[in-house]
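In what follows, chains carry the letters A, B, and so on, assigned in the order in which the sequence lines appear, proteins first and then strands, with residues in each chain numbered from 1. In this text, all values refer to a predicted model and were calculated from it rather than measured experimentally.
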Amino acid sequence: MAEIRNYTLNFGPQHPAAHGVLRLILEIDGEVIERADPHIGLLHRGTEKLVESKPYNQSIGYMDRLDYVSMMCNEHAYVMAIETMLELEIPERAKYIRVMFDEITRILNHLMWLGTHGLDVGAMSIFLYAFREREKLIDCYEAVSGSRMHATYYRPGGVYRDLPEKMPQYLKSDSRTAKELAVMNENRQGSLLDFIADFAKEFPKSIKQYDDLLTDNRIWKQRLVNIGIVSADRAKQLGFTGPMLRGSGVAWDLRKNQPYSVYDKLEFDIPVGVTGDSYDRYLVRMEEMRQSNHIIEQCVDWLRSNPGPVMSDDHKVAPPNRVDMKDDMESLIHHFKLFTEGYCLPAGEVYSAIEHPKGEFGIYLILDGANKPYRIKIRAPGFAHLAAMDEMAKGHMLSDVVTIIGTQDIVFGEIDR
Amino acid sequence: MEDLKEQLIETFGEKNLVEAFGQLTLTVDSNDIIKTCLKLKDFFYFDTLIDLCGVDYLTYGQSDWDADASSSGFSRAREVQGDEDRHKQRFAVVYHLLSVSKNYRLRVKSYVDEAEPIIKSVTDVWTSADWYEREAFDLMGILFENHKDLRRILTDYGFVGHPLRKDFPMIGEVEMRYDEEQGRVVYEPVSIEPNVNVPRVIRK
């Protein structure tokens, strides 16, 4: 009789459920995982080395490309680190705009996660529903920064420009009738804030739809409940943050516990799980979307009634007004210096962290007084989560590995850096 | 945080603790790292290792330009700098600790020897150190004693060198292409030139 042996299975890097370029070496006994060894780095671009070779403002764009489904949150951590070093106070309106876009980003990220997680475990339609709403939020990105993904909208000192007064509309085209066009542009008649307010009003209905599709769905529960259980103590040991930690029942959220920007002035709740399995993490993220929506509503209200500057007037850091440059020599010098050499930060080190949709995203800067960072370390939440793959997958079936990848909300831009 | 500061000073001495921007940095001797980390975990409730990274201080505080040269641009660029400019120790390992239960943070820094950059692994204290130490080994070449699986993590299979070290060129050492004749991928020395668009300057 043939000898029964464990065998090794190569999963990825070209696999639709690998969320990018994850390569897993799985040691399998029958269909049970004995050991999972993730091989990462296939998307390593040397971001840290690149950032060390460029003036501070030229690296904001690299931040977008880290976790490329929650772009503005990455930027936020980076500009916050610089602002801490400069001890720069930024306008209140800029803070609210940032918080609003952080929460829009959180919804963007969670919608992406929900769609692909559903797709991974066999729920096809949720993907289409999730991307329907995602499209509207991507339009908000585009309206404010001109770019659908890599915005580079946050700058040290504030945000690049104020919210547009007019929401861009769909144009006439041969492929759509005037009537269709009118429907498409119905919520785009006013400003960007009107559009976001309209979105925030409608979004709870969309969440209800996802809820109806999945929460009590028998197949969904069979695939998620009791898969990848992590206890609260283990979650802390493994360096989990964000929904991964909250799913295990630890009420830890930097927005509440170590508030930055204007989160201490806003009202929202922190959902936590009970058992720490994939289903709990699903419920936590669903509730986070509702809470984010609530924060967006509060920000819209505040922004409507509080016009003002959105950029610091410290022209050592923030570019001067274009018109001033025409006849003010100092402005011209500032502009020239800022866009050639950049600015120098004092020597020292700082760690700034934000509650990223995936967990704690931190930027650790070591500076020597130059116009470029001496050393930057990007603390990506997904890195710690993926490191726990072996522990989470052990003893589960092969198909559950896909669920665990999904529940960890893996994005390789930030893990490989 | 004031309580934490007082207790840390009591335990580790005042000269090892620095506060800047509301963040505490504790410097410890690399031989004491395990002892210190266990103490921090058990008595100060630092239950999470948020981050661990290696630092290379080789060119710290050095600029591409001479301090008073501003008129003639790149021609005044400095090539090699004297020993007096150098940071006293080349490598350091930096740990970022977080206490979820007490809600405070601490940065622990430990300098390691340049000739033999070895430090004890803290994987037995915090499990999350596993991959972070692999990363620090891969990118910075710092060795972690007693680490069970110290392989490269981010760079390619068979990669040579430690890319985040300051003496590793920005453009890399080798480039890769498919060779028709040999029918396989071959590695060759890089053909591109290093290019600095904005020189590094330090202004006080």
Side-chain angles (χ1 to χ4, degrees), chain A residues 37-42 44 46 48-50 52-55 58 84-85 87 232-241 245 250 252 257-258 340-344 346-353 360 362 364 366 368-372 374-375 377-379 383-384 386-388 391 415-417, chain B residues 20-23 25 47-57 59-64 87 92 94 96 98 100-101 103-105 107 109 125-132 134-135 138-139 149 151-157 159 163-164 166 168 170 172 196-204:
Chain A
D37 179 19
H39 285 204
I40 61 167
L42 287 102
H44 181 61
E48 288 168 5
K49 188 98 177 165
L50 288 167
E52 283 162 23
S53 74
K54 288 189 163 55
Q58 292 184 18
T84 316
M85 280 313 275
E87 294 175 7
D233 279 346
R234 282 311 291 168
K236 286 187 231 166
Q237 262 287 314
L238 291 164
F240 281 13
T241 43
L245 183 61
V250 183
W252 175 261
N257 296 86
Q258 299 174 356
T340 53
E341 185 180 287
Y343 46 87
C344 291
E349 43 195 270
V350 72
Y351 176 80
S352 97
E360 176 174 328
Y364 174 43
I366 298 181
D368 59 355
N371 58 341
K372 306 171 181 182
Y374 182 75
R375 169 90 168 94
K377 173 70 178 27
I378 298 152
R379 195 272 173 194
F383 191 78
L386 189 63
E391 187 170 324
I415 292 172
D416 289 347
R417 279 158 287 155
Chain B
F21 305 106
Q23 302 178 355
T25 309
D47 41 27
T48 309
L49 174 75
I50 276 290
D51 193 18
L52 184 159
C53 71
V55 185
D56 178 3
Y57 280 104
T59 59
Y60 188 81
Q62 298 181 9
S63 55
D64 294 340
H87 199 266
V94 181
H96 280 99
L98 167 72
V100 168
S101 48
N103 193 9
Y104 46 51
R105 291 173 188 273
R107 181 182 305 131
K109 201 174 198 178
V125 188
W126 297 287
T127 317
S128 55
D130 185 354
W131 274 28
Y132 287 122
R134 281 179 67 186
E135 186 194 327
D138 186 2
L139 302 180
D149 186 25
R151 286 174 293 156
R152 284 187 178 272
I153 186 164
L154 287 177
T155 52
D156 200 0
Y157 305 111
F159 188 86
L164 277 189
K166 291 290 174 180
F168 190 94
M170 185 74 180
V196 180
N197 285 325
V198 183
R200 184 181 183 84
V201 288
I202 295 180
R203 294 186 198 281
K204 295 276 157 27

Self-check item: Residues in side chain to side chain donor-acceptor pair (under 3.5 Å) contact with B:Y104, at least two apart in sequence or another chain
Solution: none
Practice problem: Check each atom of B:L98 against the heavy atoms of chain A and say whether the ones under 4.5 Å are side chain, backbone, both or neither. | Solution: side chain
Quiz item: Are A:Y351 and B:F21 close enough that their ring centers fall under 6.0 Å?
Solution: no
Quiz item: Is chain A contacted by the side chain of B:V94, its backbone, both, or neither, given a heavy-atom distance below 4.5 Å?
Solution: side chain
Quiz item: So which part of B:N103 gets closer than 4.5 Å to some heavy atom of chain A, the side chain, the backbone, both or neither?
Solution: both
Quiz prompt | Option that, when pairs with chain B are counted at under 4.5 Å, heavy atom only, ranks first among A:Q237, A:K236, A:Q58, A:R375 | solution = A:Q237
Quiz item: For B:Y157, is it the side chain, the backbone, both, or neither that has a heavy atom closer than 4.5 Å to a heavy atom of chain A?
Solution: side chain
Quiz item: Out of A:H39, A:K372, A:H44, A:E48, which one racks up the most heavy-atom pairs below 4.5 Å with chain B?
Solution: A:K372
Quiz item: Using non-hydrogen atoms only, which part of B:R152 is less than 4.5 Å away from chain A: side chain, backbone, both, or neither?
Solution: neither
Quiz item: Looking at A:G239, A:G41, A:C344, A:A387, which has the largest count of heavy-atom pairs under 4.5 Å with chain B?
Solution: A:A387
Quiz item: Who pairs with B:R134 by salt bridge (Lys or Arg N to Asp or Glu O under 4.0 Å), at least two apart in sequence or on another chain?
Solution: none
Quiz item: Quick one: does B:I50's side chain get under 4.5 Å of A:Y364's, heavy atoms only?
Solution: no
Practice problem: Determine the interplanar angle of the A:Y374 and B:Y57 rings, folded into 0 to 90°, and report it as parallel if under 30°, tilted if 30 to 60°, perpendicular if over 60°. | Solution: parallel
Quiz item: Which answer fits B:L49, side chain, backbone, both or neither, if we ask what part of it has an atom under 4.5 Å from a heavy atom of chain A?
Solution: backbone
